[in-house]
Each structure stands twice: as structure tokens, then as C-alpha cells.
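A short worksheet on the structure shown next.
Just so it is clear: chains get the letters A, B, ... in the order the sequence lines come, proteins before strands, and each one is counted from 1.
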Amino acid sequence: MKKDVLIAGVGGQGNIFASNVLSQYAIAAGFNVLGTETIGAAQRGGSVVSHVRISDKPIFSPLIPAGSVDILLGIETLELLRHIRLLGKDGYYILNLFSVPTVYTNLGIDRYPRQEEIIQAARKVCERGYEIRATHKAAQLGSIQMTNMVMLGVLVKVDDFFDYDEVKKIVEKLSPEMFSEKNLLGFDAGYEHF
Amino acid sequence: MHKLLSQDSGKEMVLLGNEAIARGALEAGVSFATCYPGTPSSEIPEQFFAISRETDLYFEYSTNEKVALEVGAAAAISGLRTMVTMKHVGLNVAADPLMTLAYVGVKGGMVIINADDPSLFSSQNEQDNRYYARLSTLPMLEPTSTQEMKDMTVAAIAISEELELPVIIRTTTRLNHIRGHVTLGELRPVKAKDTFQKNPFHFVCVPAVSRNLHKLLLEKYDRALEESENSQYNQIIGDGKWGIVANGVSFNYVSDAVSDLGISDKVSTLRVGFSWPIPKGLCARFLRHVDKVLVVEELEPVNENDLKAIAQENGITIPIKGKGVGGLSRLFEYDPGMVRKAIAEYFGIDYQAPEGLDLSDLPELPGRPPNLCAGCPHRATFYAVKEAYGADAINPTDIGCYTLGLLPPISMADMVICMGSSVSSSCGFSRATDQAVVSFIGDSTFFHSGITGLINAVHNNHKFTLVILDNGTTAMTGHQPHPGVDTGPMGVELTQISLEELVRGCGVKDVHVVSPFKLKKTIESVRAAKEFDGVSVIISKEFCPLFARATGQQKKVRPFHIDQNRCKNHRVCINKLACPAMYLEGERVEINRDLCIGCTVCAQVCPENAILPLKE
């Protein structure tokens with residue numbers, strides 16, 4: 001049994017927090033966990049990628065090998081496409097329909113692919129995918145900061161490996177007190193979506 | 001209580017590699033820690049800073065890495081257990097004390113954490129600092145996991161006290177940012193003070209003393225070699241005739257590959273963890289046992305060359321290869337797939353990489369370069385300087401967020417090689433050419449290594465303008481304090497050194513302190529500086545908005561919008577400033593109100609006054 005989860009987004013989307021929740025859950029469930037993140041200059045608008053490796057066997061490499069990703073969480077549309085090549089043949093993706101333009105797409109120098117193009121391209125690469133307007137949902141609930149929680153809710157719903165009650169407990173435990181209630185709200189909104 | 005202060009020995013935690021190192025320091029009884037922050041090492045001192053508020057641990061952000069090592073050296077010579085942390089290029093700055101501290105040695109254990117950055121995630125080069133162990137004759141350890149990052153720190157302090165030598169732990173970005181299990185050990189009581197025992201004929205490195213100390217260092221090296229030969233971190237795994245040698249994170253990739261390829265029974269892996277002195281005896285035994293060897297190591301062929309030399313000394317002629325096999329090169333970090341392929345190729349295993357997905361229909365994906373944040377005062381300063389100096393002036397720049405001024409449309413970076421180089425290279429440019437020179441340096445970087453360049457500039461009568469971007473923090477590495485501020489995280493009080501007084505003290509006669517968000521005045525000041533016949537300094541003072549937000553110093557945010565009736569679509573705002581809060585909606589410029597922090601700079605450059613604050 002192994003779950004290699006790649007979370008791709010941009011700085012400030014709660015990528016690291018989400019990977020922390022998954023790691024803690026898997027450890028509590030008795031699995032080996034190893035992960036790493038590529039942050040670079042993320043605070044200045046760069047991309048953030050987290051690798052979370054969960055297995056019942058020993059894991060050595062913190063990076064998920066190409067073609068071995070089981071679950072790709074794309075918190076941002078372009079970043080999902082950028083990392084979709086790492087998906088395994090039986091893997092699937094959860095895509096947040098939310099785009100963060102780059103400095104050059106803002107300027108009209110680069111072209112940001114249209115959302116339909118992104119959805120089509122993703123579906124063509126991988127048959128199993130879930131799309132959700134997680135940021136929109138989070139905003140409706142009061143803060144786009146909960147985007148990552150909505151995504152986690154979806155993950156727990158579509159993947160039996162993750163137990164609703166146990167993941168929820170971890171979200172509650174890891175959330176700073178002032179965000180705890182909202183985070184759980186976001187988590188449930190994602191869970192109930194599919 | 002800080003989570004790393006848990007007394008619960010045996011407890012399992014998930015820690016970042018850098019957190020594991022900090023915990024290791026506590027378990028080793030480290031009571032004195034210094035650093036200059038630098039990615040990927042910065043999270044280690046962050047832990048120390050917080051912990052020092054709750055315990056007897058002394059911690060400081062030092063002015064630069066040389067200072068950090070010298071401060072730490074005195075503590076270790078006085079008998080305290082000490083840790084000094086820095087990124088790889090920081091060790092260049094600290095190389096001067098390092099070389100002779102090796103002669104003098106230490107009394108309390110001292111660990112130098114050196115974080116290399118293969119792939120240059122956030123560095124100006126990807127030098128391989130294993131050479132520093134060889135250059136300084138100091139022992140070096142290389143961990144492979146979070147658990148080892150903690151355990152090796154404890155072991156390194158013990159080795160350091162036994163040999164009376166500083167010990168270098170070399171990590172790489174991938175390990176600093178690894179997240180995994182750690183089983184905690186016991187926290188050791190710390191000795192917060194000790195007494196310095198005078199011994200000038202050991203500690204004062206005049207030639208007569210150092211001649212003896214060099215001999216002593218070589219004796220210590222022989223003992224270090226014995227330790228390395230018997231270290232649990234140097235190990236042969238397996239019994240096969242195919243030899244693989246690996247260090248650091250490469251060892252993890254090798255372990256996974258050997259298991260994935262199903263060749264465990266054919267392979268012997270030599271893991272080099274106590275990597276300097278390289279365990280020559282163990283290596284020779286290994287080389288005699290195997291038929292051929294593949295050396296897997298990121299960056300330089302350091303172990304590969306050593307193994308070839310050991311083979312030669314022992315009359316062993318088996319093939320030893322590393323660089324050039326499969327995709328193994330001296331460039332960038334490795335990944336699991338690359339290592340698996342190289343092993344398969346070298347040992348002639350029939351192996352097909354997993355079939356890739358069909359990516360033929362993917363649209364072209366724009367890159368996502370980092371960018372100055374919305375409301376970053378650097379953007380305003382760059383704009384004002386360009387208005388005054390034009391685009392033709394030479395712009396030496398430095399290391400920090402403002403290096404991003406490299407990218408269009410700002411395009412105001414012509415040279416950077418290392419911390420502080422903006423100032424000194426301005427001296428060279430202004431003499432070697434007739435071009436105007438206006439250079440940029442951050443506040444923290446100026447304190448780190450800009451001051452000596454500025455003194456040089458004044459003393460030697462150079463002519464250029466230096467812009468010091470004073471945003472009140474060390475922004476790029478995560479908002480650490482520096483000598484120009486009076487508070488650190490959590491309100492700790494520090495003594496502030498006035499940048500203006502310091503600059504005047506360096507002999508600069510023409511000094512302007514400006515608020516970059518007041519564009520017109522800033523441009524006037526830069527024009528005046530340009531006219532000055534000598535060295536001028538502009539101190540452009542405005543908080544980093546991320547720092548201001550994090551520390552509750554942010555002024556009330558009032559976002560702006562574009563009055564589309566007034567806007568004549570000149571696009572001066574978006575084309576010259578490229579603020580991430582601005583975007584094109586069809587043919588019109590819009591402002592993202594969630595990102596805009598109301599810095600007003602775009603409103604000031606708009607020729608139609610069409611950018612206005614949103615009504616509440």
C-alpha cells in the first residue's frame with residue numbers, strides 16, 4: 001500500500017499546511033511518511049510543490065519519482081498542468097478551478113490558457129479527475145484562506161484511504177485556534193461537494 | 001512551550017529537516033548559537049530564536065557569517081557547546097576564521113551547519129562545500145534523513161569534543177526541507193557560562209604558534225580518520241559484487257532504486273556519512289570485494305576521485321565511475337528516476353522507465369517567475385531611480401528580494417556575484433567606464449558586507465550613487481532582524497544602528513533619506529545625487545509590506561481601482577510597474593482589490609489621474 005500525493009500551487013495557498021495534515025494522519029494510522037517541499041521564492045509569487053509519500057514499506061526518497069504520483073492536488077490550475085506529467089497511470093487529480101495569473105500573463109506577454117483548455121488537457125492526460133471551485137466555495141464561506149481545506153474535504157470524500165473523522169481531528173488539532181472553526185467548515189464543504 | 005522542547009524522550013514527531021537539527025542541538029546540550037540567515041538553512045535559527053526566549057540558550061543573528069563563526073568560536077573555546085548555521089556561500093564569508101579555527105580547535109563541542117543548494121533553488125551558485133572539509137582538515141558528516149539530522153547533530157558535538165575540533169554537518173536543500181519521522185532523545189542540561197582559560201601560545205596564531213598548531217591539526221586528523229573508519233555512518237549494506245557508493249540524499253535514491261530494480265542480492269552499497277576524513281580502509285575493503293563501482297553523488301566528483309586514489313594506492317584496478325553515467329552530471333540535484341536509470345545502465349539491467357502519460361495535447365505553459373510583491377517599496381524606488389538616471393546607467397545590484405529587479409519591465413540589475421558586491425563593483429565600473437553607475441543594496445546586506453565597499457568608495461574618490469533599500473528587515477530569508485532594527489521577532493529588544501549615521505560615518509557627504517512612495521520627492525533626491533561629484537547614498541526607507549502585516553505595523557489598507565471613464569489606456573501603470581495586483585481584462589487594465597495594499601505608486605504614475613482609492 002502506498003499513496004504518493006503531490007500538492008501543487010502558489011505561495012500563500014496553504015499547500016504546506018495541507019501536506020502536514022496528510023502526513024500527520026498517515027502517521028497516526030501507522031504508516032511510514034516522508035515528504036519534502038520545493039519553496040524557492042514562493043513568497044514572491046513562485047510555485048510551491050509538496051511531496052507527501054505514504055507507504056506501509058520503508059520509504060527513502062523524499063521526492064516522488066516521475067510516473068509514481070497517485071494523487072495530484074492542484075490548488076492552482078496552471079500548476080496542476082505543470083506537474084501532471086508526474087502522475088502514475090492509475091493516479092488521479094483534484095483540480096481547483098482557480099487561476100493565479102503570472103506577472104507576464106498580467107502584462108499580456110504570456111498567454112494564460114483558458115480554463116476550458118486546462119480542464120480538457122487534464123482530462124486527456126488522466127481519465128480520473130475531480131474539478132471543484134474550491135476557492136470560490138471558500139470565499140463564500142468567508143475566506144479564500146480555506147481553499148486548502150475544501151480540497152482536503154474532496155480528497156477524503158473520493159479516497160477511502162483517508163478517514164473523514166480522523167482527518168477532521170487532525171485539521172482541528174493543527175489549526176491555529178482562531179482559524180479552527182473556519183477550517184472545519186471548509187473541510188466539510190469540500191467533503192459534501194461530491 | 002516550543003514543540004522542540006518536549007521532554008518526552010522516545011516520542012515520535014514529524015519534523016522538517018531543519019527542525020530536527022535544532023532539536024539535535026538541544027539534545028546535545030548546545031547553549032550558544034549564532035547564524036546569518038540563508039536559504040535553505042534559515043529555519044534552524046528560527047527555532048533557536050524562539051527557544052532562546054524560553055531557555056538558557058543564547059542565540060543571535062550575527063551581522064554576517066564570518067562574525068557568526070568568530071562569535072561562536074569564542075564561546076566554544078570558552079567551553080560552551082556551540083552551533084553556527086549558514087548556507088553554503090556563507091561559508092565563503094566565514095572561510096577566513098574557519099581555516100585557522102581548525103588550527104586552534106575548540107573545548108566545548110562546536111557544530112557548523114553548512115547547507116548546500118544543488119539546483120540553485122535560491123542561491124547564486126551551487127558550489128560543493130565538501131571541499132571545505134578537505135581545505136580546512138575538519139571532520140564532515142552528511143545525514144540522509146530527518147532522524148539522522150537530529151542524531152548526527154548529537155554525534156557531531158561528541159566528536160567535536162573528543163577531537164577538540166569544530167565539526168561540519170553538510171546538508172543539501174532537499175534534506176533541509178525533508179519532512180519525516182523523528183524519535184526524540186533526551187534533552188541534555190546546558191552549561192550557559194564557562195571560564196576562558198588563558199593560553200596565548202595556543203590561541204594567538206602568530207607563525208611560531210601556528211607551526212605547532214598545524215602539526216597538532218594533522219594529529220587530530222589521524223584520530224578523526226580512525227573515528228570515520230569505525231563510524232556507524234559509514235557502512236556497507238549488502239554483499240553483492242556490484243558496488244554503489246552514495247552520500248546524502250543520493251543514498252536514499254540508491255536505496256529505493258536497488259529495491260525497485262530487485263537487485264538487492266547483487267549489490268553492495270557503501271554509504272558515506274562520516275564523509276571526511278573519508279574512511280580509506282573501509283573503502284579499500286569495499287573496492288576489493290566488488291567487481292565494479294558506481295559513485296552516486298550530487299555536484300562534484302569528490303568521493304569518485306577519492307575512491308580512484310584509494311584504488312590506486314591499493315593496486316585495485318576495477319572500473320570506478322560516477323559522473324557521465326546515465327544522467328549523472330555535476331549539475332543540479334538528482335532525482336529518483338535519474339538514479340534508477342543510471343544504476344540500470346551501468347550494471348546492464350534491462351529496465352524500462354514507467355510508461356509516460358500522453359502529454360502531446362498540453363497547451364504551452366507560461367512560467368511563473370517570482371516577482372516583487374504588490375505594494376513592495378522596491379518597485380517604487382526602482383521606478384524613481386530609472387526616471388532620474390534613465391535606462392542606460394550601469395546597475396550593480398545585490399542579494400535580496402530586489403535582485404528580482406532583474407526581470408522586465410524593471411530591468412535594473414546588471415551584475416551580482418555575492419553579498420556586498422554591488423558597492424565594490426560600483427567602484428570598479430565608475431573607474432573603468434564613463435557610464436553613470438547607480439547601484440542597489442538591501443539594508444541587511446549592507447550591514448552584512450556593503451560597509452567596507454562604501455568606505456573604499458569614499459576613500460578612493462569614486463563616483464556613483466548607492467541606493468540602500470531599507471525595508472526594516474531581512475525580507476528574502478523570512479524577516480529576520482539586522483543591526484538596523486531595534487526589535488526582533490517576539491519583541492526582543494536589540495540596539496539599533498542608524499543607517500544614516502553609519503553612512504555619514506563612512507565619510508559619505510551626500511546622503512538622502514527618502515520615502516519611496518513619495519515618488520516626486522524621491523525622483524528629485526535621486527537627481528540631486530546624480531549631480532553630486534562623488535559618492536552619494538540614497539536611503540529609501542519603507543517597510544516590507546509582508547513584514548509589516550506579520551508584525552501588525554501595517555497601515556490601514558485602502559485598495560485602489562481604475563476609473564475606466566478617465567483611463568485612456570496608456571498603460572504606464574502596468575507596463576512600467578508590473579505590480580502583481582494589476583492585470584489586463586481584455587484590453588483594459590484592472591486592479592485586483594484583494595492584492596492591492598494601497599501603496600499609491602500606480603496612482604502617482606497615471607497621466608490621467610484615473611487610479612483612485614476605492615470608496616469604503
B:Pro408 versus chain A, the contacting section by heavy-atom distance below 4.5 Å: both
B:Leu372 side chain near A:Val103 side chain, heavy-atom distance below 4.5 Å: no
Region of A:Val52 in contact with chain B, defined by heavy-atom distances below 4.5 Å: neither
Contacting moiety of B:Glu587, where chain A heavy atoms sit under 4.5 Å: neither
Nearest-0.5 Å distance, CD1 of residue A:Ile64 to CG of residue B:Asp335: 12.0 Å
Per-residue contact mode, B:Arg571 against chain A (heavy atom under 4.5 angstrom): neither
Heavy-atom proximity to chain B below 4.5 Å, by part of A:Ile84: both
By ring pair (Phe, Tyr, Trp, His ring centres under 6.0 Å) - contacts of A:Phe162 (at least two apart): A:Tyr25
pair B:Leu365-A:Leu78: side-chain heavy atoms closer than 4.5 Å: yes
Which atoms of B:Leu175 approach chain A - backbone, side chain, both or neither, heavy atom under 4.5 Å: neither
Contact class of A:Pro113 relative to chain B, heavy atoms under 4.5 angstrom: side chain
Residue part contacting chain A, namely of B:Glu590, when any heavy atom lies under 4.5 Å: neither
Rounded distance (nearest 0.5 Å) linking atom CG of B:Asp361 with atom CD of A:Gln120: 9.0 Å
Contact leader toward chain A among B:Pro336, B:Pro369, B:Ser360, where contacts are heavy-atom pairs under 4.5 Å: B:Pro336
Nearest heavy-atom neighbours spanning B:Tyr334 and A:Leu63: O-CD1, 4.1 Å
Heavy-atom side-chain proximity of A:Phe60 to B:Thr144 below 4.5 angstrom: no
Pairs where residues 99-144 of chain A contributes a residue and the test ring pair (Phe, Tyr, Trp, His ring centres under 6.0 Å) is met, not counting sequence neighbours: A:Tyr92-A:Tyr130, A:Tyr130-A:Phe194
Backbone N/O of A:Val100 and side chain of B:Arg368: donor-acceptor pair under 3.5 Å: yes
N/O donor-acceptor pair under 3.5 Å between B:Asp358 side chain and A:Val125 backbone: no
Non-neighbouring partners of A:Thr36 that pass side-chain hydrogen bond (donor to acceptor under 3.5 Å, both in side chains), sequence neighbours left out: B:Arg174
Contacting region of A:Arg111 [heavy-atom separation from chain B under 4.5 Å]: backbone
Residues in residues 16-24 of chain A near chain B [non-hydrogen atoms, under 4.5 Å]: A:Ile16, A:Asn20, A:Gln24
Heavy-atom check, side chain of A:Pro65 versus side chain of B:Asp260, under 4.5 Å: no
Short side-chain to backbone donor-acceptor contact, A:Arg82 and B:Pro366, under 3.5 Å: yes
Any donor-acceptor N/O pair, B:Asn252 side chain to A:Ser61 backbone, under 3.5 Å: no
A:Leu107 side, atom CG; B:Asn575 side, atom CG - distance, nearest 0.5 Å: 6.5 Å
For chain A, the option from B:Gly337, B:Gly367, B:Gly180 that forms the most heavy-atom pairs under 4.5 Å: B:Gly367
